[in-house]
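Input: a single structure, listed below in structure tokens.
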Amino acid sequence: MSDIIQLLPDHVANQIAAGEVVQRPASVVKELLENSIDAGATSITLLLKDAGKTLIQVIDDGKGMSPTDARLCFERHATSKIRNAEDLFNLHTKGFRGEALASITAVSHVELKTKQADEEVGTCIKNEGNKIVSQEMVQTAKGTSIAVKNLFFNIPARRNFLKSDNVETRHIIDEFQRVAMAHPQISFVLHHNNKEIYSLKSDNLRRRIVSIFGSKMNEKLVPIDEKTDILTITGFVAKPEFAKKKRGEQFFFVNDRFIKSPYLHHAVTNAFEGLLDNGCHPSYFLYLSVPANTIDINIHPTKTEIKFDNEKALYAMLRATIKHSLGQYNVAPVLDFNRDATLDTPYEFKNKKTISTPKITVDPNFNPFKDELEQTPKKTNFSKPNFSSKVINTTSWDSLYSNMDTIEPIIEPKQEPLFQTEQEVETGKTFQIQRKYILSTIKSGVVLIHQSLAHQRILYEDFLSKINDKGGNSQQLLFPITINFQKEDIGMIYTIKSDLESAGFVFNDFTMESVVIGGVPTLIKESEISQILEQLLEDLRMEVPDANFNYADLMAKSFAKSVSIKTSKKLSLNEQEGLVNDLFSCSNPTTAPNGKAIFKILTLNEIDTIFNN
Ligand code: ADP
Ligand code: MG
């Protein structure tokens, strides 16, 4: 038998390893930024083109590399940061595997320029797919510049797998923010497609957080400070009244490294117990320092997890410290056991950005002759339903059957009403069950409708058609409102501005930190605008694009979810009927935008079986 095992050539081995380290442009950004920090940089610039797909360049003023090191740094397991296994247990640098540059060059074109402080000239090396294609001496500033071009040029499958520019940029910005927050003393600049996104001066921690998250953050922060033998905790938590329904800004850093820790997160939420409205999440920026030999970060190059030796003690200390600080800053109610809840300012009111003035809204669709002109009920919006006619037009129920292949066909001639008698229709045979479902009698039995999902479907189709036809009606706000967002969220809103305008939004102004809104779609209440946009940003962030992805669809889904009536809302008989009517005039009344079934029919036969009749 001949031998069949062969050692993989280096470039193949590197490509395999690259799959681990370099998953997307943001992974490259993280590695390069961390290298600059390890090199002692005081100023770091990140330049991006096309969400990093075309260019990621990091320029630092760190210690630079000698010509030999500049060649060597592309080799796998080439590192200046550890020398032996013991060093692994006493790490003071971000990198230590010597894998990043080898992995990055395996899947891109890299140009490295570097110069040490005491040298006259520097080195420039071009490396393509792990092959050095040129090396020359250059005039360059002290420090290192690494430009990564055409990421995944040799792995088209990977390249195609990347998400939209917006999503990839968002991931990059997440990494950038984490590194920038861990090192407030270093100045950072970020440009994307020649536009400045961040310019962060060397600063104290509070000002760094504020310059990333916007000036409104300042008033929200409660300082945290505690020092013991095994642990130092500094940083901030946001006051409970600023807790968010979505994506609280939650950051843990351990020895200046961003980490995720569900365990420590639990300790924080626990400290907030009783202070947060239901379903709200606290924001926090917490910096833990522990002796380097009591943690293990050697788990996985891309993972942000960490193992602590004395987890339980950390948990208890973290929780106690935050509780204490919240109390000290008079945030925690002292006598919460007999507090009169009616004296509390409603959460909604406290958070209002601008006092709203009563405004008049006009339904631009209103046409006094409509009923005469049209026989079929027009799809109405639920907040202003057209319930004038109690007689349910049977045509709107057709779709109930057309989509029901699986259900026993009990197709009646169209002219026949679905309801048994006129009488039944007159009295409106719908019932609300547990403020969640609507039960309606139909000829074949009963139909149980999920009220919230039904409304989502109605709104979704309505929003979608408006966005696509650019026909979204707008209600003018008497006083435009200003909403603050993080910079990259502003960027995101700006990208989808035209779709938002089609839906009915009117933007008066964009600044780096805020948008000024002068009008909103008629279905959206002024008090909900901020929450609805937050939800949209969250949904965009979570976007998993496929071949059918488009922004209009995502937007319509997101708005529908936000605006729809929810479970636990009591509906009048009129509203129930209107909802049922509107649902069955939808083009697809069977499934909600999230793919769930909206209703279930129980046929008389099925009901009979229940009773063994
Ligand atoms: P690691 O960071 O794990 O050591 P890398 O592949 O990221 O591995 O980098 C390899 C080596 O290249 C580093 O150990 C360091 O000596 C050198 N290097 C990388 N980036 C820089 C930089 N920006 N400035 C100076 N040296 C650098
Ligand atoms: Mg590194």
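Keep in mind that this is a model prediction, so the values were computed, not measured. Read the numbers this way: they start at 1 and go in the same order the structure lists the ligands and their atoms.
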Do any protein N, O or S atoms sit under 2.8 Å from the Mg ion (ligand 2), and which ones are they?
N35 OD1
Nearest protein heavy atom to atom 2 (O) of ligand 1, by residue and atom, and its distance?
K81 NZ, 2.7 Å
With heavy atoms and a 4.0 Å threshold, my read on which part of A78 contacts ligand 1 is backbone
Looking at atom 23 (N) of ligand 1, what's its closest protein heavy atom, distance included?
D60 OD2, 2.9 Å
With a 6.0 Å cut-off (strictly less than), is the heavy-atom count around CZ of F161, excluding the residue itself, greater than 12?
no
Before giving the answer on ring-ring contact (aromatic ring centres under 6.0 Å, His included), spell out for Y494 and F485 the whole-Å C-alpha distance, their side-chain angles and the decisive distance to 0.1 Å.
CA-CA 12 Å; Y494 197 77; F485 290 103; over 10 Å; no
Nearest-neighbour protein heavy atom for atom 12 (O) of ligand 1, which is reported as residue plus atom name and distance
C73 CB, 3.3 Å
Below 30° counts as parallel, above 60° as perpendicular, anything between as tilted: where do the rings of Y198 and F176 land?
parallel
Flag the pair V515 / N508 as yes when at least one side-chain heavy-atom distance between them is below 4.5 Å, and no otherwise.
no
Give yes or no for whether the N/O distance cutoff of 3.5 Å, strictly under, is met between G98 and ligand 1.
yes
Please state which protein non-hydrogen atom is closest to atom 6 (O) of ligand 1 and give its distance, to 0.1 Å?
L101 N, 2.9 Å
Atom indices of ligand 1 within 4.0 angstrom of T79 heavy atoms, with elements:
1 (P), 4 (O), 14 (O)
Closest non-hydrogen protein atom to atom 14 (O) of ligand 1, residue and atom name please, with distance?
S80 N, 3.0 Å
Considering only heavy atoms, does E31 approach ligand 1 within less than 4.0 Å through its side chain, its backbone, both, or neither?
neither
Under the side chain to side chain donor-acceptor pair (under 3.5 Å) definition, can you give me all pairs with a residue in residues 178-193, not counting sequence neighbours?
K94-H183
From the list N255, L264, I295, side-chain contact (heavy atoms from CB on, under 4.5 Å) partner of L288 resolves to L264
Test of understanding: given a 4.0 Å heavy-atom threshold, classify the contact between A39 and ligand 1 as side chain, backbone, both, or neither.
side chain
Using a cut-off of 6.0 Å, state whether more than 12 heavy atoms not belonging to N194 lie near its atom CG.
no
Please tabulate, for side-chain N and O atoms in residues 40-48, each donor-acceptor pair with protein atoms closer than 3.5 Å (sequence neighbours left out).
| unit_1 | atom_1 | unit_2 | atom_2 | d |
| --- | --- | --- | --- | --- |
| T42 | OG1 | D61 | OD2 | 2.6 |

Among M65, E75, R76, whose heavy atom sits nearest atom 21 (C) of ligand 1?
M65
Near A100 (heavy-atom distance under 4.0 Å), the atoms of ligand 1 are 6 (O), 7 (O)
Under 4.0 Å from a heavy atom of E99: give me the atoms of ligand 1 that qualify, with their elements.
6 (O), 8 (O)
Donor-acceptor contacts under 3.5 Å from residues 224-237 side chains, at least two apart:
| unit_1 | atom_1 | unit_2 | atom_2 | d |
| --- | --- | --- | --- | --- |
| T228 | OG1 | I230 | N | 3.4 |
| T228 | OG1 | L231 | N | 3.2 |
| T228 | OG1 | L231 | O | 3.1 |

Stepwise ring-ring contact (aromatic ring centres under 6.0 Å, His included) check, F252 with Y284
CA-CA 8 Å; F252 277 119; Y284 54 82; 4.9 Å; yes
Given the side-chain rings of F258 and Y287, with only the six-membered ring counted for Trp, is the space between their centroids under 6.0 Å?
no
At under 4.0 Å between heavy atoms, is it the side chain or the backbone of T144 that contacts ligand 1, or both, or neither?
side chain
Mind checking whether T93 contacts ligand 1 via backbone (N, CA, C, O), side chain (CB onward), both or neither, at a 4.0 Å heavy-atom cut-off?
neither
Could you check whether atom NZ of K487 has more than 12 heavy atoms from other residues, nucleotides or ligands sitting under 6.0 Å from it?
yes
Check the angle between the aromatic planes of F251 and F285 and answer parallel, tilted or perpendicular using the 30° and 60° thresholds.
parallel
